[in-house]
Amino acid sequence: MPFANVNGVGLGLRRSLIPELMTETGLEGIDFFELAPENWVNLGGRYKERLQWFVERKPLVSHGLSLNLGGQDPLDTELLNATKQFLDDANVVCFSEHLSFSRSGGQLYDLLPMPFTDEAVMHVSKRIRQVQEHLERSIAIENISYYLAPFAQMTEIEFINAVLVEADCQL
């Protein structure tokens, strides 16, 4: 599935907002909703029904938090399978993920920066290509905030541009 451009005003779809949004005027001025798949995968019952209500009315975009694109641990195929199912079921028009690592023997609950090196470009690009193949769609990557870039062989923009070319993904 190609990457779709989304324009207009978006709102993060949070469960606490759902009752107000599901009113007669709740969707006014909102062109699309953004959500993290990790917060919605494998849900059933009322939340699944409510999500379907939004799917039928507005485009959804999704931003992942846990794929660990830059990590050394193997890609989490269980999470990838659940994410793919969710993206397909919710008809998500575009999916993005952080250009970072977030797992090392377990979830770190932080987004740690990639080293700006040729080796890191090749490593993360290979993983992005694997994720895109698994999800059967192009994804976008998002750079993260960081304070230090030790051992950098290139600037951040050079690193990101190299990943975009090598992985054939979006930003």
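Note: hydrogens, waters and symmetry copies are ignored here, and every other heavy atom, side chains too, is used.
- With contacts defined as side-chain heavy-atom distances shorter than 4.5 Å, the pair Ile139/Leu67 does not qualify.
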### Task
Just do the side chain to side chain contact (heavy atoms under 4.5 Å, CB included) check on Phe101 and Val124 with the steps written out, would you?
CA-CA 9 Å; Phe101 72 94; Val124 74; over 6 Å; no
#### Entry: Stepwise side chain to side chain contact (heavy atoms under 4.5 Å, CB included) check, Phe54 with Ile18
CA-CA 9 Å; Phe54 287 93; Ile18 289 175; 4.1 Å; yes
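- Pairing each heavy atom of Val41 with each of Ala82, the nearest pair is CG1-O, 3.6 Å.
- The aromatic rings of Tyr47 and Trp40 sit perpendicular to each other, their planes meeting at more than 60°, with 30° as the lower class boundary.
- His123 places a side-chain N or O within 3.5 Å of a backbone atom of Gly71 that can act as its donor or acceptor partner.
- Closest approach of Leu99 and Ile160 over heavy atoms only: CD2-CG1, 4.1 Å.
- You'll find the side chain of Glu158 stays beyond 4.5 Å of the side chain of Gln153, heavy atoms only.
- Considering every non-hydrogen atom in both Glu38 and Ser66, the closest pair reads OE2-N, 2.8 Å.
- Between the side chain of Asp31 and the backbone N or O of Val9 there is at least one donor-acceptor pair closer than 3.5 Å.
- When all heavy atoms of Pro37 and His63 are compared, the closest pair comes out as CD-O, 3.5 Å.
- Scanning all heavy atoms of the two residues, the minimum distance from Glu136 to Lys84 falls at OE1-NZ, 3.0 Å.
- When all heavy atoms are compared, the tightest approach of Ile144 to Glu156 is O-OE2, 4.1 Å.
- Side-chain contact between Lys48 and Gln52 is absent, with no heavy-atom pair separated by less than 4.5 Å.
- The main-chain N or O of Ile128 is never found under 3.5 Å from a side-chain atom of Glu97 such that the two would form a donor-acceptor pair.
- In this structure, Leu35 and Phe86 have side chains that are in contact, with non-hydrogen atoms separated by less than 4.5 Å.
- Using a 4.5 Å heavy-atom threshold, the side chains of Asp118 and Met122 count as separate.
- Put simply, the side chain of Arg137 never gets that close to the backbone of Val93: no donor and acceptor are under 3.5 Å apart.
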#### Entry: Leu60/Val55 under side chain to side chain contact (heavy atoms under 4.5 Å, CB included): CA gap, chis, key distance, verdict
CA-CA 7 Å; Leu60 297 180; Val55 167; 3.6 Å; yes
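- Of the N and O atoms on the side chains of Thr25 and Glu28, not one donor lies less than 3.5 Å from an acceptor on the other residue.
- Put simply, the side chain of Asn143 does not reach to within 4.5 Å of the side chain of Phe159, judged on heavy atoms.
- At a threshold of 4.5 Å between non-hydrogen side-chain atoms, the residues Arg14 and Glu34 count as touching.
- By the 4.5 Å heavy-atom criterion applied to side chains, Leu111 and Glu142 are not counted as neighbours.
- Exactly one of Thr77, Thr83, Asn81 qualifies for a side-chain hydrogen bond (donor to acceptor under 3.5 Å, both in side chains) with His134. That residue is Asn81.
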